[in-house]
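I have placed the structure first, in the form of structure tokens, so that the comments after it can refer back to it.
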Amino acid sequence: ATFDKIDLPSAKDSVMHPLDDNNEAWVAKWEMIKAAKETIYADFFIIGNDIYGKAFLGLLLKKAEEGVKIKLMTDAFASYEKVLGIDVDYFHELAANKNIEIRFYNRLGRRILSGTFGMFTNAVASNHDKFLVIDEKYCLTGGRNIDFNYYADVRDISAAWRDSDVYVESEVLAKEFIEKAFFPEFKLPRNKKIRKDFINFSSKRDDLMASVDAMDQWLNSDLVEMRPDATERYNTKLAKYATEVMEFKSLSGYEKKFNIFESSFRGDLKILDKTSHLNRKDQRNEITPSILEMIDAAEVEIIIQNPYVILSKDVVEALARAQARGVEVILHTNSPLSSNHLQTQALFIDQWNIYKEKLNGARVFAYVGEQMLHAKVFVFDRKVSIIGSYNLDNLSENINSEIVALIKSEELSKKVALDIEKDLDVSLELTADERIREESPFTMANVEKQKEIRKVLKYKKYIGKFI
């Protein structure tokens, strides 16, 4: 009933598929882009400097050369040059094609200028969305960026990340993604429009096409062959990417094993969007109020899986109300052992007394191995789920742009809940360990991480607003 009361367009009885498996998540995106006939809208926080990032850009270029119209957005800080992501020359190569438009969100120069004049929220504000829309019908969103960490299988890389996406077929939701989530951020004046090089001294086309070739061969067979009719330069690039992609052994032949267009899950789905702090003309947060409504409507169980947890007062109070009604609350997050973001972990530890006092009935679990949790998932009574980019922290709630799918499907929700239960089997229940319950998860960290956590807590009143 609460799902239906949320006054947003709904895709009724739509085909959908949860993507918890990393290989499946990558193949889904690959197949969707390959199948594109008319348009592609791609919005990802990070595009990495690896075989996944380059093959993704290369495949977009290949589709543009076939006549597909493409709009691509990535975050300026996360993907610009070699700050965290791929060399900017690859984007210039794509921008040279008339069918591709590219924006870097919140350009670096404007960020630096904002920081210089003390406008730190403007400096850190990012486009944290992750979604793909093909031919204004086939949609995918979730927590994964474009980088090997999100798609490697644990059989190949033991520290591969755990994440979740969801695929859906719906013209109604495609319109929501494009008109509500994409264009309001894409058109912001603070963005950097990427243009072709004035003089292209070093074309990246062979590089990009070789990465596509290597990836596509590997997805459809158990080897990557050189091209006898290609140039030596091309085959040198192809050999390089063949070596890289063949490290992901479990990905070999995977496109023959999995077809996203044969998905069989069905349900109703709505898109909840949040514009960034920078979007002054269209300030909107559909996510946080909807989460609070779903918590207040839960009758039996609430499962929350989130990598970065700094609970707001409203969320704490809503979960406390749920516990008072007899609802079981399960929270799964990272520990100092698995997290890549010790600042968030430090503030999570700082909140530990809140968990003990106000949420003393909640079961809190944390990853303790090499894998990092990156999934942002909520499951309510195993009937309604949320999958998207939204972290339980101040950045997501008040600063960044975010997007999630709100899904009414018992079949899908039960599948997602069971996948989370498997994660709990390899996690530590923090609230069941008396040592940790009394001292906080801080005790799990090694000496070096403890030093970093203490440093963050020392300055928490300054940095807490921006995490």
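Listed by first then second residue, pairs satisfying side-chain hydrogen bond (donor to acceptor under 3.5 Å, both in side chains) with a partner in residues 398-409 read Asp4-Lys408, Asn127-Ser401, His128-Glu402, Asp129-Ser401, Ser389-Glu402, Asn394-Asn398, Ser396-Glu402, not counting sequence neighbours. Applying the ring-ring contact (aromatic ring centres under 6.0 Å, His included) test to every pair with at least one member in residues 287-321, sequence neighbours left out, gives these pairs: Tyr308-His341. Screening residues 168-179 for salt bridge (Lys or Arg N to Asp or Glu O under 4.0 Å) gives Glu176-Lys180 as the qualifying pairs, with residues at least two apart or on separate chains.
Legend: residues meeting side-chain contact (heavy atoms from CB on, under 4.5 Å) with Asp350, ordered by chain and number and at least two apart, are Leu457, Lys460. For the side-chain contact (heavy atoms from CB on, under 4.5 Å) test, residues two or more places apart in sequence or in another chain that qualify with Ala320 are Leu359. With sequence neighbours excluded, the residues satisfying side chain to side chain donor-acceptor pair (under 3.5 Å) with Ser114 are Arg190. Applying the side chain to side chain donor-acceptor pair (under 3.5 Å) rule to Glu301 yields the partners Arg382; only residues at least two apart in sequence or on another chain are considered. For Pro289, the side-chain contact (heavy atoms from CB on, under 4.5 Å) criterion is met by Asn285, not counting sequence neighbours. Pro307 is linked by a side-chain contact (heavy atoms from CB on, under 4.5 Å) to Asn334, Lys376, Asn391, counting only residues two or more places apart in sequence or in another chain. Residues satisfying the side chain to side chain donor-acceptor pair (under 3.5 Å) test with Gln305, not counting sequence neighbours, are His332, Asp423. When the side chain to side chain donor-acceptor pair (under 3.5 Å) test is applied to Glu101, the partners found at least two apart in sequence or on another chain are Lys71.
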**OP:** Give the intermediate values and the outcome of side chain to side chain contact (heavy atoms under 4.5 Å, CB included) for residues Val384 and Ile407.
**Re:** CA-CA 6 Å; Val384 177; Ile407 307 156; 6.0 Å; no
Subject >> Lys130 and Asp43: CA distance, side-chain angles, deciding distance, salt bridge (charged side-chain N to carboxylate O under 4.0 Å, His left out) verdict >> reply: CA-CA 5 Å; Lys130 298 126 173 111; Asp43 188 352; over 6 Å; no
Subject >> Residues Phe183, Phe177; criterion side chain to side chain contact (heavy atoms under 4.5 Å, CB included); working and verdict >> reply: CA-CA 9 Å; Phe183 276 121; Phe177 275 110; over 6 Å; no
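Side-chain atoms of Tyr52 and Asp147 form no donor-acceptor pair, as typed in the model, at a separation below 3.5 Å. No side-chain N or O of Ser440 forms a donor-acceptor pair with one of Tyr355 less than 3.5 Å apart. Side-chain atoms of Arg144 and Asn22 form a donor-acceptor pair, as typed in the model, at a separation below 3.5 Å.
By the 4.0 Å N-to-carboxylate-O rule, Asp165 lies close enough to Lys29 to be salt-bridged with it. Taking a cutoff of 4.0 Å between a charged side-chain nitrogen and a carboxylate oxygen, Glu429 and Arg363 qualify as a salt bridge. With respect to Arg284 and Asp282, a salt bridge is recorded, a charged nitrogen being found less than 4.0 Å from a carboxylate O. Remark: Lys63 engages Glu66 in a salt bridge, criterion side-chain N to carboxylate O under 4.0 Å. Salt bridge status for Lys54 with Asp50: absent, with no side-chain N to carboxylate O gap under 4.0 Å.
Of the candidates Phe182, Phe131, Phe56, Phe44 forms a ring-ring contact (aromatic ring centres under 6.0 Å, His included) with just one, namely Phe56. When each of Arg107, Arg103, Arg111 is tested with Asp75 by the rule salt bridge (charged side-chain N to carboxylate O under 4.0 Å, His left out), just one qualifies, namely Arg111. Among Tyr367, Tyr150, Tyr151, the one residue that satisfies the ring-ring contact (aromatic ring centres under 6.0 Å, His included) test with Trp161 is Tyr150.
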Sequence neighbours left out, cut at 3.5 Å: what donor-acceptor pairs do the side chains of residues 11-20 make with other protein atoms?
unit_1, atom_1, unit_2, atom_2, d
Asp13, OD1, Arg266, NE, 3.2
Asp20, OD1, Ser164, OG, 2.6

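Taking the ring axis of Phe104 as reference, the NZ or CZ atom of Lys192 does not stay both within 45° of it and closer than 6.0 Å to the ring centre. Geometrically, Lys270 engages Phe3 in a cation-pi contact, judged by NZ or CZ lying under 6.0 Å from the ring centre and within 45° of the ring axis.
Between Phe378 and Phe380, the angle of the ring planes stays under 30°, which puts this pair in the parallel group of the 30/60° scheme.
Other residues, nucleotides and ligands place more than 12 heavy atoms under 6.0 Å from the NZ atom of Lys356.
Taking the six-membered ring for Trp and the full ring otherwise, Phe186 and Tyr105 have centroids separated by 6.0 Å or more.
When all heavy atoms of Leu292 and Asp314 are compared, the closest pair comes out as CD2-O, 3.6 Å. The shortest heavy-atom contact between Ser170 and Cys139 is O-SG, 4.0 Å.
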